[in-house]
Peer 1: 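The structure's right below; bear with me while I get my questions together.
Letters go in sequence order (proteins before strands), and every chain restarts at 1. Atoms considered below: every heavy atom in the structure, side chains included; atoms not considered: hydrogens, waters and symmetry mates.
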Amino acid sequence: MTETAESNMGLSDNSTKNIFNPTDGAFLKVWNSMLESIAPLLLALIAGGLLLLVLGRNPVTFYGNIIKSGLLNKHGLQDTIIRMAPLLLMAAGLIVAFQASIWNIGGDGQFLLAAALTAGFGPMFMPVLPMWACFVTLFLIGMVAGALSTIVPAILKAKYEINEIISSLMMSFIGINFANLLIKGPFRSTKTLVPQTDVVPFTKLLPSIPLTRIHIGIFIALIFILVVYYVMKNTSLGLKLALLGQNPRAALHAGLNNQRLIIGAFMVSGAFMGLAGTVEILGVWGYMRADWNPNFGLPLFALVFLARLNALATIPLVGFYAVLSIGGHSAARVADLPDDFILIIVGLVLLFMALTEYIQEYRAGKSGKLLNFFRSLKGIKTNE
Amino acid sequence: MSDFLTASFLSALIFGGILTGMPLLFASIGETISQRSGVLGMGIEGIMLAGAYFGFAITLYSGHFWLGLVSSIGAGMLMALIVVLFCVRLGMDQIVVGIGVLIFGEGVTSVLQRAQFGTTYPRLEELASVKIPGLSSIPVLGSSVFTQPWIVYIGFALVGVLYWILNFTNVGLNIRAAGEKPEALDASGTSVIFTRGMAVLVAGGLAGLGGGYMSIVGAGIFVPFMTKGIGFIAIVIAMLARGKAVWVITGSFLFGISVSLTTSLQLVGVEIAQDLVNMIPFIAVLAALIIFARGNYLPAALCLPYNREAR
């Protein structure tokens with residue numbers, strides 16, 4: 001474990017120190033792990049480009065437009081950074097769960113439930129509470145909502161060893177519908193025809209960095225990413241979760257309270273998802289419309305896997321994805337294609353990632369880290 | 001409220017239940033076969049969408065809905081081929097590849113739909129219903145169950161045949177062995193890879209057919225993301241049914257009826273929030289998981305790739 005963990009993107013101390021000294025192989029290691037992450041991305045972009053050609057669109061123009069309007073354009077760049085905030089928080093949530101080999105697939109439901117509660121309670125609290133108290137309360141509400149919506153799958157997994165893939169997915173659908181019920185019911189604004197919540201005035205949203213529209217959510221996200229990175233890498237809690245994830249039986253023999261760890265990790269994961277929802281509402285929208293669902297959850301799987309569960313490595317990857325989704329929006333409009341083109345890229349990334357991992361294992365005669373991680377999940381059957 | 005149990009209400013309820021339950025039935029049968037052979041078809045939603053789009057497009061251009069349904073099956077199998085290659089042959093993680101197939105399927109159908117039809121949503125002609133002589137004059141059931149397009153009857157027959165194969169033939173035994181104890185199947189001289197591969201292909205074909213049924217027979221149009229989580233419901237039904245035909249059919253149509261309950265209730269003037277009704281099947285599934293899933297219900301080798309050399 002330790003050997004592969006150090007090579008992650010060259011972000012740990014050991015490998016950065018020796019990065020320009022090829023003799024001890026550190027440079028090669030960093031290069032290899034960069035390649036592991038970048039090769040699937042490139043292959044997916046190439047395959048996506050071929051599809052564009054088949055559809056009679058010019059892939060160079062398409063990808064050029066993505067870069068231009070997602071990265072080089074002043075507004076686009078700001079949007080990209082703004083988009084990164086919820087994505088990073090959700091990535092942190094996924095990492096906490098995956099570290100313990102918990103498949104929290106219900107991220108979207110947790111996100112939307114927290115978003116709906118934030119958008120519903122926000123306009124009620126704003127006039128009565130001072131601004132900072134209001135933000136803190138809403139953040140707490142979002143985190144608690146996210147955490148609570150993982151509690152059923154968490155207890156089912158911890159106590160009865162019922163697989164969480166299905167239960168968290170079911171909770172996700174329930175959460176999405178429940179969020180809509182809230183918005184069409186108790187939180188519905190009387191001022192609009194379309195079902196939506198009341199609007200938080202623009203001046204009362206999360207403060208922005210001066211001269212930009214970028215709200216401070218990105219800093220909250222970066223702080224949590226650093227915290228997750230530190231906890232996973234340098235604390236006994238991180239090691240406990242990893243042990244639980246790699247070998248639950250060994251964890252039990254080592255005297256760990258597996259049930260408490262599972263429930264805890266699951267709820268923390270949900271809390272991050274919920275926080276992402278609150279940040280997105282308080283930072284960008286100020287209200288929530290019924291049936292709004294940005295579907296951030298599933299694409300993040302690809303990014304977190306590509307980052308090999310390394311929280312720091314998710315930052316550039318989430319940045320890349322944010323450029324892709326912000327720039328992709330206008331590039332798709334120019335090319336007269338739906339935004340969903342990005343989904344093709346994400347799906348292909350997952351497939352090519354599995355493939356490169358396989359090839360690497362085949363060539364090296366040993367398992368890559370990701371494959372080890374997958375193997376550690378064993379079958380999905382837990383009730384022997 | 002008084003006309004709750006009238007013939008027209010019940011008839012509409014059952015008719016709607018079949019309309020929604022049928023694609024789910026196809027998908028969950030396929031998923032059952034796949035799961036019994038040891039492969040969790042996580043990407044079934046994407047496969048259904050592929051079937052729905054290609055079936056719809058072929059039907060629209062050729063004018064023959066049979067051709068459309070066949071190409072739905074073909075499209076489903078083509079998507080399943082990815083799973084066969086990556087998960088069965090190369091032994092990669094089924095959940096990662098499954099999510100990949102799911103997202104790819106969602107994206108590719110949405111993009112193709114826009115590229116082909118722009119923002120218009122052309123509509124297919126409604127399929128002619130076949131009245132089964134005699135049976136169709138039974139009150140309630142006659143106008144719902146026995147007045148349906150041919151494909152519904154064929155679907156029921158197909159379900160029966162597949163269950164016979166899975167439970168009473170050597171092929172079925174091989175499939176179940178591949179899921180429970182692949183080493184034993186290998187030792188008996190049958191290829192695990194081949195058995196699982198065929199099972200996944202058939203499952204893909206059925207999921208594609210389910211999607212095709214949705215777009216061609218059910219809705220008459222193709223809308224991106226039109227499957228709305230049906231594929232996931234199929235995964236759960238297959239898990240809870242433990243390979244029992246009766247439960248697959250019951251689960252599928254219970255879901256169908258719970259979905260059609262909203263529209264039927266609206267017909268008799270009862271307004272109930274759509275979102276609340278949408279939640280019911282998922283709550284039911286969760287409850288079923290809590291009540292039933294504590295026993296031994298999944299094939300032993302589900303999600304475990306088989307590698308001869310690792311034995």
Peer 1: Can you establish whether the number of heavy atoms outside A/R188 located under 6.0 Å from its atom CZ is more than 12?
Peer 2: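 Correct, the count exceeds 12.
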Peer 1: Quick check: under 4.5 Å, non-hydrogen atoms only, which of residues 328-343 of chain A neighbour chain B?
Peer 2: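 So far as heavy atoms go, A/D336, A/L337, A/P338, A/D340, A/F341, A/L343 are the residues that approach chain B to under 4.5 Å.
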Peer 1: Atom CG of B/D275 and atom NZ of A/K184: how far apart are they, to the nearest 0.5 Å?
Peer 2: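 Reported value, rounded in 0.5 Å steps: 3.5 Å.
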Peer 1: Taking the side chain as every heavy atom from C-beta outward, state whether A/V346 and B/E106 have any pair of such atoms under 4.5 Å apart.
Peer 2: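 No, their side chains stay 4.5 Å or more apart.
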Peer 1: Which donor-acceptor pairs under 3.5 Å do side chains of residues 347-356 of chain A form with protein atoms, sequence neighbours excluded?
Peer 2:
{"unit_1": "A/T356", "atom_1": "OG1", "unit_2": "A/F352", "atom_2": "O", "d": "3.0"}
{"unit_1": "A/T356", "atom_1": "OG1", "unit_2": "A/M353", "atom_2": "O", "d": "3.0"}

Peer 1: CG of A/L55 to CG of B/L112: how many Å apart, nearest 0.5 Å?
Peer 2: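 Answer rounded to 0.5 Å: 6.0 Å.
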Peer 1: Do A/M170 and B/I283 have side-chain heavy atoms sitting under 4.5 Å apart?
Peer 2: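 The answer is no, as the side chains (C-beta and beyond) never meet within the 4.5 Å cut-off.
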Peer 1: Mind ranking B/V97, B/I82, B/I233 by heavy-atom pairs under 4.5 Å with chain A and telling me who comes out on top?
Peer 2: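 The option with the most such pairs is B/V97.
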Peer 1: Taking every non-hydrogen pair under 4.5 Å, which of B/F232, B/F104, B/F282 racks up the most with chain A?
Peer 2: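 With the most close heavy-atom pairs to chain A, the winner is B/F282.
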Peer 1: At a heavy-atom separation under 4.5 Å, does A/L51 approach chain B through its side chain, its backbone, both, or neither?
Peer 2: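 The side chain, not the backbone.
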Peer 1: Suppose a student defines contact as a heavy atom less than 4.5 Å from any heavy atom of chain B. Which residues in residues 173-180 of chain A would they list?
Peer 2: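 Answer by number: A/F173, A/I174, A/N177, A/F178, A/N180.
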Peer 1: Tell me, yes or no, whether the heavy-atom count around B/W247 atom CH2, taken from other residues, nucleotides or ligands under 6.0 Å, exceeds 12.
Peer 2: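 Result for CH2/B/W247: open.
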Peer 1: Please flag which part of A/L169 lies under 4.5 Å from any non-hydrogen atom of chain B: side chain, backbone, both or neither.
Peer 2: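 The side chain, not the backbone.
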Peer 1: Below 3.5 Å, can you tabulate the donor-acceptor pairs from side chains in residues 234-241 of chain B to any protein atom, sequence neighbours excluded?
Peer 2:
none

Peer 1: With rounding to the nearest 0.5 Å, note down the distance linking CH2 in A/W103 to CD1 in B/I99.
Peer 2: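 Nearest 0.5 Å value for the CH2-CD1 distance: 5.5 Å.
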